[in-house]
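Notes to accompany the following structure.
In what follows, chains carry the letters A, B, and so on, assigned in the order in which the sequence lines appear, proteins first and then strands, with residues in each chain numbered from 1.
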There are 2 protein chains.
Amino acid sequence: MTEEQTVPPQKLRRKATVHDVARLAGVSIATVSRSLNKPETVRPGLRKRVDMAAAELGYYTNSIGKALRNQRSRLIGTIIPKLFDPLFSLVASGVQEALVEYDYLGIIQVAGYDNRDLMKHALPMIEKGAEGLIIFGQVQDKVLLDYCRQRDIPLLSIYSFAEDAPVPCIGFDNYQATTELLNLMIQLGHVEIAMISGRQPGNDRQQARVSSYIATMERLRCEPVIEEVDHEFGIQDGAAAFRRIIKRRPEITAVICNRDAHAFSVMTECRRLGLTLPHDMSIAGFDDLAYSSFLDPPLTSVSVSGYEIGRRSGIAMLRHLEEGMPLRSIRLETRIVVRGSTVRPNLNRPLLD
Amino acid sequence: MTEEQTVPPQKLRRKATVHDVARLAGVSIATVSRSLNKPETVRPGLRKRVDMAAAELGYYTNSIGKALRNQRSRLIGTIIPKLFDPLFSLVASGVQEALVEYDYLGIIQVAGYDNRDLMKHALPMIEKGAEGLIIFGQVQDKVLLDYCRQRDIPLLSIYSFAEDAPVPCIGFDNYQATTELLNLMIQLGHVEIAMISGRQPGNDRQQARVSSYIATMERLRCEPVIEEVDHEFGIQDGAAAFRRIIKRRPEITAVICNRDAHAFSVMTECRRLGLTLPHDMSIAGFDDLAYSSFLDPPLTSVSVSGYEIGRRSGIAMLRHLEEGMPLRSIRLETRIVVRGSTVRPNLNRPLLD
DNA sequence: CTGAAAGCGCTAACAT
DNA sequence: ATGTTAGCGCTTTCAG
């Protein structure tokens, strides 16, 4: 388009391309490309000229051109319910770090807690060329499933493990973890146990935990007491749910919060109601967030290493893409961290209501 | 890998392109492109044929081809110190949501708390075609600055506001906010005030807060007591820093934590040392995280709406890119939320050490 | 209103 | 070992 560049170093306003480097180095664009990507296939002398020209022009590869040519974007999409959340951000963090190591880049989409319409959030990432999708929770959107299957876009479901999942998943068994947590309570002598759960539609984690709870309660011949909270709004909802629980069933001696965050305000609320913690109310949470051990009393919780889940998933996806390793489900173990918030029930507790 | 693909519509394994749509609709690729992007320039009849063909083939635009042609990626890069953090993830969340509204996609890079070598984290995003960069904190990397200036890549610095910043910034004045927080303490009667700070190199937020603190202490003719903690590791470091403070200066009656998270374990530690809160030790934090009001006592903190900062920054960047609106610095206000953790000093407090 | 053709930046045959 | 060239998917002149 323009003529010869007279001035020697000639910083260009436009970004430098292989053509610019080639011209400056006095070679062809193919050599530039080779020299940059497979240096060993180019004679050292030329290689040096190319490197110098590239440096002088401040050349860096244009990933878009490369992506178009290679049909590889080096972009991985991650879908999480929410970015601003201790657990999800930890998971996302693990994914991102794995990607960076492999020179991939992550794009994150926030989809809320209901996985039934994932397609809406996945499509923009697929359009942008995401080579694989890492999805928090089970994939409950048939459209997305079909779409990705047809287009050969690998899908990895993370955090929740399910035996019969439609896509490989790396995570743990929410049902079993909940059962274990309940068994702990039962061993301590609790029978009147309540659960504070999140909304279930489209959310396999809550579904699994709730059905585990209901099954256990039936075994105990005890009426389940479940109060749902809206995920989107945080901590204080635990307190409100707890008040509803107490109203429904004042005999409750233990509460399982499906998110640690709720335990936070449940504790505050207990004190406001004149209960002494932990003796008058045992409380347990889920996910074992960083601050949970600093609550007063320190919170018993199901520890799931979000970072580890994210990291392993990222690596699995990349090795699948790069080395053709099949994506396989991995069932991770959870561990119940027993802290001071769960003790035997106080049978002489002042009556609530 | 599987068998039957008998069905007429001829689903292609390969993703459908404009060519496929054009063929099926019996028009040229130019018409397909026009019909999809500027429907009003195409005769309704053809438009309909194109739409149907596109739907049948499951066509969606390939952003990479589009980006290469348009020299616009619709990708914005965000650099934050850490993803797994209540504040940063809130900021990132605000950015992401703004981007999604404008049909952009965000890529996030995690750069740690030291902004002196940002280039390393910015380059991968620039290569991927990021059209603009939103950076948490002041940009303290000359290389990046020059680079982006030369290449016309817009830079926006967020969270911290600085009068003389090299790039536009949307944020608040950390120096002033700290001074206000200190004035609150002073009004309550505190003189022996300590600060728990993060590492300062490359971190303008900590630098501003520390120098504000030092200036105020000098005004009070009081020796500053600052204990640094390593950002990377969280909550429990507050406790350790507090112990060091008490050892250095047992007369301390108030502590300012530059991160709310540290206040968390400072409280725990105070109780362990036999102090009654809030009377024996006033504690204040920074950022007013969601859980801060649920601490016991509820934490006084500098409230900075991370989400708002992120969102406004995202919008500003997009309007700059789309509508050519100049990026301008915005100084946001902070508000000190006074809660129960800050009270007048107890002069009869049991001596510590 | 529609189509043909060029070209964004890159890499990989293929030819030398 | 190096150069020439085609083409990834898209949009946009420019003709018709």
Side-chain angles (χ1 to χ4, degrees), chain A residues 1-2 12-51 53-54 57-75 103 126-131 151, chain B residues 12-51 53-54 57-75 103 126-131 151:
Chain A
M1 41 227 71
T2 48
L12 359 81
R13 225 196 80 81
R14 187 175 53 82
K15 295 189 298 188
T17 72
V18 276
H19 291 95
D20 302 312
V21 177
R23 199 175 314 127
L24 186 57
V27 298
S28 75
I29 57 166
T31 300
V32 173
S33 176
R34 272 192 291 261
S35 177
L36 263 21
N37 294 308
K38 305 180 187 130
E40 67 282 5
T41 65
V42 164
R43 194 151 36 88
L46 278 194
R47 196 191 312 161
K48 182 155 186 208
R49 290 216 322 261
V50 170
D51 289 349
L57 295 169
Y59 171 84
Y60 57 91
T61 197
N62 176 329
S63 301
I64 296 177
K66 183 179 290 206
L68 184 60
R69 165 70 223 215
N70 292 346
Q71 303 285 44
R72 307 272 327 257
S73 64
R74 300 188 85 79
L75 241 35
D103 192 33
I126 296 177
E127 281 185 2
K128 290 279 187 295
E131 294 180 34
R151 297 285 191 299
Chain B
L12 359 79
R13 222 197 80 81
R14 187 175 53 82
K15 294 190 298 188
T17 73
V18 277
H19 291 95
D20 302 311
V21 177
R23 199 174 315 126
L24 186 57
V27 298
S28 75
I29 58 167
T31 300
V32 172
S33 175
R34 272 192 291 260
S35 179
L36 262 21
N37 295 309
K38 304 179 189 132
E40 67 282 4
T41 66
V42 165
R43 194 152 35 91
L46 277 193
R47 195 192 311 161
K48 183 153 183 210
R49 290 213 327 256
V50 170
D51 288 348
L57 295 170
Y59 171 84
Y60 57 91
T61 195
N62 176 329
S63 302
I64 296 177
K66 183 179 287 202
L68 183 59
R69 164 70 222 218
N70 292 348
Q71 302 285 50
R72 306 273 325 261
S73 65
R74 299 189 85 78
L75 241 35
D103 191 33
I126 295 177
E127 280 185 4
K128 289 280 187 295
E131 294 181 33
R151 298 286 191 297

Please determine if B:E131 and B:R72 form a salt bridge, counting it only when a charged side-chain N lies under 4.0 Å from a carboxylate O. yes

Under 4.0 Å from OP1 or OP2 of D:dT11: is there any side-chain N or O of B:Q71 that close? no

Quick check on C:dT11: is either OP1 or OP2 less than 4.0 Å from any side-chain nitrogen or oxygen of A:K66? yes

Are any of the side-chain heavy atoms of B:N62 and A:E127 separated by less than 4.5 Å? no

Considering just the side-chain nitrogens and oxygens of B:T31, establish if one lies under 4.0 Å of OP1 or OP2 belonging to C:dT2. no

Write down the distance between CG (A:N62) and P (C:dC8), rounded to a whole number of angstrom. 12 Å

Is a side-chain donor or acceptor of A:R34 paired with a backbone partner of A:T41 at a separation under 3.5 angstrom? no

Integer-rounded Å distance: D:dC10 C1' and B:D20 CG: 13 Å

Value in whole Å for how far the P atom of C:dG9 lies from CG of B:L68: 7 Å

Phosphate OP1/OP2 of D:dT11: any B:N37 side-chain N/O under 4.0 Å: yes

By nearest heavy atom, map B:K38 and B:G65 onto DNA chain D; which one lands nearer the 5' end? B:G65

By nearest nucleotide on DNA chain C, pick out whichever of B:I29 and A:Y59 is the more 5' one. B:I29

Rounding to an integer number of Å, can you tell me how far A:N70 CG sits from D:dA6 C1'? 15 Å

Go through it in stages, so that I can follow the logic: the residues are B:V50 and B:V42, the test is side chain to side chain contact (heavy atoms under 4.5 Å, CB included), and I'd like the CA-CA distance, side-chain angles, deciding distance and then a yes or no. CA-CA 10 Å; B:V50 170; B:V42 165; 5.9 Å; no

Can you see if the side chain of A:S28 gets near the phosphate of D:dG3 - specifically, an N or O under 4.0 Å from OP1 or OP2? yes

Select one nucleotide: of D:dC10, C:dG9, D:dT2, the one nearest the side-chain heavy atoms of B:H19. D:dC10

Nearest whole angstrom, please: distance from the P of D:dA1 to the NZ of A:K48. 20 Å

Using heavy-atom distances to pick each residue's nearest nucleotide on DNA chain C, tell me which of A:Y60 and B:T41 is more 5'. B:T41

Which part of the nucleic acid, if any, lies within contact of B:T61, taking any heavy atom under 4.0 Å across all strands shown: a base, the sugar-phosphate backbone alone, or nothing? sugar-phosphate

Ignoring hydrogens and angles, does a donor from either the side chain of B:R34 or the base of C:dG3 sit under 3.5 Å from an acceptor on the other? yes

Taking atom C1' of D:dG9 as reference, at what distance in whole Å does atom NZ of B:K15 sit? 10 Å

Under the 3.5 angstrom rule, does the side chain of A:R49 hit a backbone N or O of A:A25 as a donor-acceptor pair? yes

All heavy atoms of B:A67 vs all of B:S73, minimum pair found to be CB-CA, 3.9 Å

Contact under 4.0 Å: B:R43 side-chain N or O vs C:dT2 OP1/OP2: yes

What is the distance from CZ of A:R72 to P of D:dG9, rounded to the nearest Å? 15 Å

Figure out the CZ/C1' separation between A:R69 and D:dT5, and round it to whole Å. 11 Å

Scan A:S33 against the nucleic acid and name what it touches under 4.0 Å (heavy atoms): base, sugar-phosphate only, or nothing. base

